[in-house]
A.B. asks: 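My questions all concern the structure below.
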Protein chains: 2
Amino acid sequence: MKPIKISEAVVRRLPIYLRFLNELSLSGIQTVSSQDLGEKLDLNPAQIRKDLAYFGEFGRKGVGYNVDYLIEKIRQILKLDKTMNVALVGTGNLGRALCNYNMYIKDNMKIVAVFDADKGKAGTTINHLVVQPMSELSTSVRKLDISVGIITVPAGEAQNVADQFVAAGIRGILNFAPVVLKATAGVRIHNADFTAELLSLAYYMDENDEAEEGDGER
Amino acid sequence: MKPIKISEAVVRRLPIYLRFLNELSLSGIQTVSSQDLGEKLDLNPAQIRKDLAYFGEFGRKGVGYNVDYLIEKIRQILKLDKTMNVALVGTGNLGRALCNYNMYIKDNMKIVAVFDADKGKAGTTINHLVVQPMSELSTSVRKLDISVGIITVPAGEAQNVADQFVAAGIRGILNFAPVVLKATAGVRIHNADFTAELLSLAYYMDENDEAEEGDGER
DNA sequence: TAGATTGTTAATCGATTAACAATC
DNA sequence: TAGATTGTTAATCGATTAACAATC
């Protein structure tokens with residue numbers, strides 16, 4: 001409809017907004033200003049207003065945003081108003097943890113199929129889901145109308161799994177393996193790569209406190 | 001020494017470089033160009049050269065970068081050349097998975113203490129580590145010279161844990177809980193928030209393929 | 001020497017922030 | 001009406017990319 005070209009940075013903030021708004025809603029708060037949001041989420045209020053304004057006029061001047069209305073709108077924007085089925089490959093520690101995580105189901109994203117390359121694991125059960133062999137992937141993805149794949153296999157196998165996901169018609173991948181994956185244009189890949197987060201965290205650890213976050217010029 | 005003001009974006013790419021260089025090294029490749037790296041990591045070669053140049057002149061004109069030398073340098077920059085001890089709080093599925101993950105130990109980051117608020121869990125063992133009650137946190141952090149904390153507790157408890165980490169003198173936090181944490185300046189917080197990744201992934205899932213990644217103007 | 005590739009400057013692009021008119 | 005806060009434009013800031021001289 002609109003010419004829209006929403007930046008990735010904006011989209012990444014929407015879930016942050018959504019989560020905090022949910023908290024507010026639960027505690028019975030009905031209205032919130034960009035000021036309030038900014039303080040709680042450590043963001044500039046102008047940025048929040050601008051982010052939201054890309055998608056419509058959700059606030060009321062002089063008043064702020066209606067919490068429940070904004071929740072509804074953001075869920076629509078993120079397409080969380082329809083169920084999205086998810087497949088997971090790799091039933092190691094991390095994969096099993098995710099299966100048991102119960103994906104804040106209110107978000108309508110649900111792991112409905114689990115796979116492992118180790119045929120010995122096929123048939124075992126994780127959180128009521130039967131582990132399937134990789135040979136079933138393509139069929140199950142289609143049958144269960146799965147659009148998102150989660151990869152929790154070792155780095156060396158991740159690209160292969162990604163390829164199989166893509167071939168099966170999956171539209172988005174959440175990759176936990178510490179590798180840069182290649183995929184066809186049109187398939188979106190997000191990385192949940194905590195080892196990289198941990199390593200870059202190390203950079204900022206120095207013995208002496210640099211107090212201010214910037215460059216201590218003096 | 002230098003006036004240095006390295007951007008966060010640059011630091012976040014260093015682990016990505018490092019990991020791929022490790023792969024190259026393992027397969028016996030001794031030299032790599034920014035061109036090669038760029039292709040494999042989906043980054044602009046100029047960006048890679050610029051990133052590295054912030055820290056020194058690591059390459060040779062007309063030749064490229066020596067893989068092992070560059071690995072060594074990046075490890076120094078990220079301070080991975082000295083051991084860094086890590087504490088983890090929250091022994092749910094995710095916490096246990098991380099404890100068993102064996103943190104590519106070559107990176108010199110190691111989980112050396114595990115805590116849980118549930119006193120019933122104190123004394124149980126995860127991957128050779130005895131779970132401690134929260135009351136021990138401060139003492140253990142100091143005794144074991146722990147500088148990084150990992151938070152894998154439910155959202156509602158995360159800020160409290162973060163506060164205890166900060167009070168105990170921890171310098172960096174890797175937060176898996178889906179909340180925005182506040183910490184004193186000087187304590188660095190990185191988020192490993194895969195639920196947010198998953199929700200923002202949903203935004204990009206539409207039925208019909210939009211082929212090109214940009215805005216299909218036509 | 002000819003070819004390749006770095007380090008770095010300048011140009012471009014994009015994202016954040018400030019400021020303010022509109023308006024509830 | 002006076003006060004508050006949005007939506008939005010303009011200004012600023014920062015990050016990416018192109019281009020190329022230096023040089024291996």
Side-chain angles (χ1 to χ4, degrees), chain A residues 2-14 16-17 21 24 29-71 73-74 77 180 200 203 213-215 217, chain B residues 2-14 16-17 21 24 29-70 73-74 77 180 200 203 212-215 217:
Chain A
K2 293 180 211 152
I4 29 150
K5 51 199 72 174
I6 307 297
S7 116
E8 192 157 327
V10 173
V11 176
R12 279 178 188 284
R13 282 190 291 268
L14 295 179
I16 312 294
Y17 300 157
L21 290 166
L24 289 182
I29 292 167
Q30 290 174 3
T31 300
V32 69
S33 69
S34 60
Q35 185 75 230
D36 299 341
L37 283 170
E39 270 161 33
K40 293 302 189 160
L41 302 178
D42 253 332
L43 295 170
N44 183 303
Q47 182 168 66
I48 295 176
R49 293 201 298 278
K50 201 163 195 289
D51 283 356
L52 296 174
Y54 283 116
F55 304 98
E57 307 202 354
F58 300 150
R60 281 222 296 162
K61 296 181 185 177
V63 179
Y65 299 90
N66 176 288
V67 171
D68 288 322
Y69 179 70
L70 194 50
I71 288 175
K73 283 302 176 183
I74 295 181
I77 295 163
V180 175
S200 65
Y203 175 82
E213 71 152 13
D215 44 318
E217 202 91 87
Chain B
K2 292 178 212 154
I4 29 148
K5 50 198 76 176
I6 309 296
S7 113
E8 192 157 328
V10 173
V11 176
R12 281 178 186 283
R13 281 189 292 267
L14 294 178
I16 312 294
Y17 300 157
L21 290 165
L24 290 181
I29 294 167
Q30 288 172 6
T31 299
V32 70
S33 69
S34 59
Q35 186 74 229
D36 299 341
L37 284 170
E39 269 162 33
K40 295 301 190 159
L41 302 179
D42 253 332
L43 294 169
N44 183 302
Q47 182 169 64
I48 295 175
R49 295 200 298 280
K50 200 162 199 283
D51 283 356
L52 297 173
Y54 283 117
F55 304 97
E57 305 203 354
F58 301 147
R60 282 221 297 163
K61 295 181 186 182
V63 180
Y65 299 90
N66 176 290
V67 172
D68 288 324
Y69 179 69
L70 194 49
K73 283 301 176 184
I74 295 181
I77 295 164
V180 175
S200 64
Y203 175 82
E212 306 291 297
E213 71 153 15
D215 45 318
E217 202 90 87

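Every chain is numbered from 1, with letters handed out A, B, ... down the list of sequences.
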A.B. asks: Would one find a side-chain N or O of Arg13(B) under 4.0 angstrom from OP1 or OP2 of dT16(D)?
C.D. replies: yes
A.B. asks: Counting side-chain heavy atoms from CB outward, which of dA19(C), dA10(D), dA19(D) is closest to Ala46(B)?
C.D. replies: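 Among the listed nucleotides, the one closest to the side chain of Ala46(B) is dA19(D).
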A.B. asks: When rounded to the nearest 0.5 angstrom, what distance separates CG in Asp68(A) from OG1 in Thr31(A)?
C.D. replies: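 Asp68(A) atom CG to Thr31(A) atom OG1 measures 9.5 Å (nearest 0.5 Å).
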A.B. asks: At what distance, to the nearest 0.5 angstrom, does CG of Leu70(A) lie from OH of Tyr17(A)?
C.D. replies: 10.0 Å
A.B. asks: Taking any strand in view, what nucleotide pairs with dC20(D) in a Watson-Crick or G-U wobble way, both distances under 3.5 Å?
C.D. replies: dG7(C)
A.B. asks: Is the number of heavy atoms from other residues, nucleotides or ligands under 6.0 Å of Arg12(B) CZ greater than 12?
C.D. replies: yes
A.B. asks: Find the distance Ile48(B):CD1 to dA15(D):C1' and express it as a whole number of Å.
C.D. replies: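 After rounding, the gap between these two atoms is 15 Å.
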A.B. asks: Touch check for Glu57(A), heavy atoms < 4.0 angstrom, all strands: base, sugar-phosphate only, or nothing?
C.D. replies: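 Answer is sugar-phosphate: Glu57(A) comes under 4.0 Å of backbone atoms only.
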A.B. asks: Answer yes or no: does a side-chain N or O of Ser34(B) lie under 4.0 Å from OP1 or OP2 of dT5(C)?
C.D. replies: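 No.
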A.B. asks: Separation of Phe55(A) atom CZ from dT6(D) atom P, in whole Å?
C.D. replies: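 It is 17 Å, rounded to the nearest whole Å.
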A.B. asks: Under 4.0 Å between a side-chain N/O of Tyr54(A) and OP1 or OP2 of dA15(C), yes or no?
C.D. replies: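 Checking Tyr54(A) against dA15(C): no side-chain N or O falls below 4.0 Å of OP1 or OP2.
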A.B. asks: Supply the atom-to-atom distance Tyr203(B) OH to Ile6(A) CD1, rounded to the nearest 0.5 angstrom.
C.D. replies: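 Going from the OH atom of Tyr203(B) to the CD1 atom of Ile6(A) covers 5.0 Å.
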A.B. asks: Reading DNA chain C from 5' onward, which residue's closest nucleotide shows up sooner: Val63(A) or Asp51(A)?
C.D. replies: Asp51(A)
A.B. asks: Could you work out which one of dT6(D), dT16(C), dT17(D) sits closest to the side chain of Ser33(A)?
C.D. replies: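 Among dT6(D), dT16(C), dT17(D), the one nearest the side chain of Ser33(A) is dT6(D).
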A.B. asks: Establish, with yes or no, whether the OP1 or OP2 oxygen of dC24(C) is under 4.0 angstrom from a side-chain nitrogen or oxygen of Tyr65(A).
C.D. replies: no
A.B. asks: Tell me the interatomic distance from Lys50(B), atom NZ, to dT9(C), atom P, rounded to whole angstroms.
C.D. replies: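 Distance check: Lys50(B) NZ to dT9(C) P gives 9 Å.
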A.B. asks: So, is Ser7(B) near the phosphate of dA15(D), with a side-chain N or O under 4.0 Å from OP1 or OP2?
C.D. replies: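 Ser7(B) to dA15(D) OP1/OP2: side-chain N or O found under 4.0 Å.
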A.B. asks: Consider the side chain of Lys61(B), meaning its heavy atoms from C-beta on, and name the nucleotide among dT5(C), dT23(C), dT9(C) that approaches it most closely.
C.D. replies: dT5(C)
A.B. asks: Identify the nucleotide, in any strand shown, that forms a Watson-Crick or G-U wobble pair with dT12(D), with both distances under 3.5 Å; if there is none, say none.
C.D. replies: dA15(C)
A.B. asks: Once you apply a heavy-atom cut-off of 4.0 Å, does Arg49(B) come out as touching a base, just sugar-phosphate, or nothing?
C.D. replies: base
A.B. asks: Could you tell me the separation between the CD atom of Gln35(B) and the P atom of dA4(C), rounded to a whole number of Å?
C.D. replies: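 Rounded to the whole Å, the gap is 11 Å.
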A.B. asks: Leu52(A) has an atom CG; how far is it from atom P of dT17(C), in whole Å?
C.D. replies: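 To the nearest whole Å, that distance equals 15 Å.
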A.B. asks: Check the distance between dC13(D)'s C1' and Gln47(A)'s CD and give it to me in whole angstrom.
C.D. replies: 13 Å
A.B. asks: Mind calculating the distance between CG (Asp42(A)) and P (dT17(C)) to the nearest angstrom?
C.D. replies: 11 Å
A.B. asks: Counting C-beta onward and ignoring hydrogens, is there a side-chain heavy-atom pair between Arg49(A) and Tyr65(A) closer than 4.5 Å?
C.D. replies: yes
A.B. asks: Specify the residue among Val32(B) and Glu8(A) whose closest nucleotide of DNA chain C lies further upstream toward the 5′ end.
C.D. replies: Val32(B)
A.B. asks: Report the nucleotide, chosen from dA18(C), dT6(D), dT23(D), that has the shortest atom-to-atom distance to any side-chain atom of Asn44(A).
C.D. replies: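 From the listed options, dA18(C) comes nearest.
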A.B. asks: Are Val180(A) and Ile16(B) packed together at the side-chain level, in the sense that at least one heavy-atom pair is separated by less than 4.5 angstrom?
C.D. replies: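 Sidechains of Ile16(B) and Val180(A): in contact.
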A.B. asks: Can you tell me the distance, in whole Å, between the CZ atom of Arg12(A) and the P atom of dG14(C)?
C.D. replies: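 For the pair Arg12(A) CZ and dG14(C) P, the rounded distance is 17 Å.
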A.B. asks: Starting the side chain at C-beta, find the nucleotide from dT5(C), dT17(D), dT8(D) nearest to Ala53(A).
C.D. replies: dT8(D)
